[in-house]
Amino acid sequence: MEEDEQAHAGSKEMNPAVKLALTLLVFVIPLGGCAALYGSLYTDDPLTAEEHNDLGVIYEREGKHGLAIREYKRAIALDGSLVTPLVNLGNVYMKEGEYTEAERCYRKALDRDPKSMDAANNLASIYLETGKDYEKGLDILLAASPRGDMPAYALDTLGMLYLGLGETDKAVESLEEACTKAAGDEALRAGISANLVKAGVPGGCG
């Protein structure tokens, strides 16, 4: 606002509604103090659940896991129907080695969306990481999606679960399919190729 406009605005007669609000504040502040004023005027969260989730992603990428957890929890509190913040929260807990908390988050995500491939894959990955419950991991993955529809990263997890159960043929089949689907993603393909070598295929993805 320019200086002339400010002077003009100051000369206007005050709106009766604004005058009433200011009058009420004169009485409210002494009674309730600054805490009451803060509580009544500044506690509304200006961010949406999605924005809190996005902020959590930024913190997570910067390695600020405590702040990322806080933002994901705020997103979940604001919109209990969202699946992504639950999966993201589970991912941070998994990075921190807090597998019980991570498993709880992924299970809640699957309760809300049983077809969430990210939640199913990451939950199954916990069983690979902890070296137990491979069959449970298989059930969760296959319940989320038929094998033929799985993305490369999930086929990789599936293959390693089969390998853990000693079902080498199924492991190789899943991993080779993962190699094909991972074309163009060299980092993922390299990981799958290493797993194929573990499964007894010396050339990996080839």
Side-chain angles (χ1 to χ4, degrees), residues 28 32-134 136-147 149-161 178 181-182 184-189 191-192:
V28 168
C34 292
L37 180 61
Y38 180 87
S40 62
L41 296 181
Y42 297 107
T43 53
D44 287 342
D45 190 336
L47 301 184
T48 65
E50 289 82 0
E51 288 168 337
H52 276 294
N53 177 73
D54 292 345
L55 189 54
V57 170
I58 293 170
Y59 282 135
E60 186 180 348
R61 285 176 181 165
E62 293 176 347
K64 298 173 181 176
H65 290 174
L67 293 174
I69 288 171
R70 183 191 69 187
E71 295 305 320
Y72 293 143
K73 284 184 174 179
R74 285 179 176 173
I76 294 163
L78 282 172
D79 188 345
S81 69
L82 294 179
V83 172
T84 300
L86 273 170
V87 175
N88 289 342
L89 183 59
N91 293 346
V92 177
Y93 281 133
M94 194 161 172
K95 288 175 183 175
E96 292 289 309
E98 297 182 40
Y99 297 121
T100 302
E101 288 299 321
E103 182 175 358
R104 186 176 294 125
C105 292
Y106 295 141
R107 287 196 175 281
K108 282 183 181 176
L110 286 171
D111 286 343
R112 291 170 192 177
D113 179 9
K115 301 297 182 186
S116 170
M117 201 66 252
D118 287 339
N121 177 74
N122 296 357
L123 179 54
S125 295
I126 289 179
Y127 301 132
L128 278 178
E129 191 75 21
T130 55
K132 62 181 182 182
D133 294 328
Y134 293 154
K136 195 185 292 185
L138 280 178
D139 291 342
I140 289 165
L141 267 180
L142 293 170
S145 171
R147 203 190 79 175
D149 294 339
M150 286 184 187
Y153 67 86
L155 284 167
D156 183 32
T157 304
L158 188 72
M160 294 310 290
L161 289 167
K181 287 192 174 181
D185 186 339
E186 291 308 314
L188 176 58
R189 191 174 161 86
I192 297 167

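Proximity of a side-chain donor or acceptor of K115 to a complementary backbone N or O of A143 within less than 3.5 Å is detected. Checking side-chain atoms of K95 against main-chain N and O of G63 turns up no donor-acceptor pair under 3.5 Å. Y72 places no side-chain N or O within donor-acceptor distance of the main-chain N or O of T84, the cut-off being under 3.5 Å.
Looking at T100 and R104, their side chains come closer than 4.5 Å, going by heavy atoms from C-beta outward. Annotation: side chain of L82 is not in contact with side chain of N53 (no heavy-atom distance under 4.5 Å). Put simply, the side chain of I69 does not reach to within 4.5 Å of the side chain of Y59, judged on heavy atoms. Between L67 and E62 there is no side-chain heavy-atom pair separated by less than 4.5 Å.
The side-chain hydrogen bond (donor to acceptor under 3.5 Å, both in side chains) test applied to Y153 returns D118, not counting sequence neighbours. With sequence neighbours excluded, no residue forms a side-chain contact (heavy atoms from CB on, under 4.5 Å) with P114. Take K132 and apply the salt bridge (charged side-chain N to carboxylate O under 4.0 Å, His left out) test, not counting sequence neighbours, and it matches no residue.
Taking each heavy atom of G137 and A124 in turn, the nearest pair found is O-CB, 3.8 Å. Annotation for M94 and A102: closest pair N-CB, 3.8 Å, computed over non-hydrogen atoms. Taking every heavy atom of both residues into account, T48 and L78 meet most closely at C-CD1, 4.0 Å. In this structure, L86 and C105 approach most closely via the heavy-atom pair O-CB, 3.4 Å. Summarising the geometry of Y127 relative to Y134, their closest heavy-atom pair is O-CE2, 3.4 Å, with the distance given to 0.1 Å. The shortest non-hydrogen separation linking A120 to A144 is CB-CB, 3.6 Å.
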Determine whether E51 and L55 satisfy the following criterion, side-chain contact (heavy atoms from CB on, under 4.5 Å), listing intermediate values before the conclusion.
CA-CA 6 Å; E51 288 168 337; L55 189 54; over 6 Å; no
Could you give me the CA-CA distance, side-chain angles and deciding distance for D156 and N121, then say whether side-chain contact (heavy atoms from CB on, under 4.5 Å) is met?
CA-CA 10 Å; D156 183 32; N121 177 74; over 6 Å; no
Trace of the side-chain contact (heavy atoms from CB on, under 4.5 Å) decision for H52 with D45
CA-CA 10 Å; H52 276 294; D45 190 336; 2.6 Å; yes
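Interatomic distance, M150 CE to L158 CG, rounded to the nearest 0.5 Å: 5.0 Å.
Checking each of T157, V87, L141, I140 against L123 for a side-chain contact (heavy atoms from CB on, under 4.5 Å) leaves exactly one that passes, namely I140.
With a 6.0 Å radius and a threshold of 12 heavy atoms from other residues, nucleotides or ligands, K181 has its NZ atom above the threshold.
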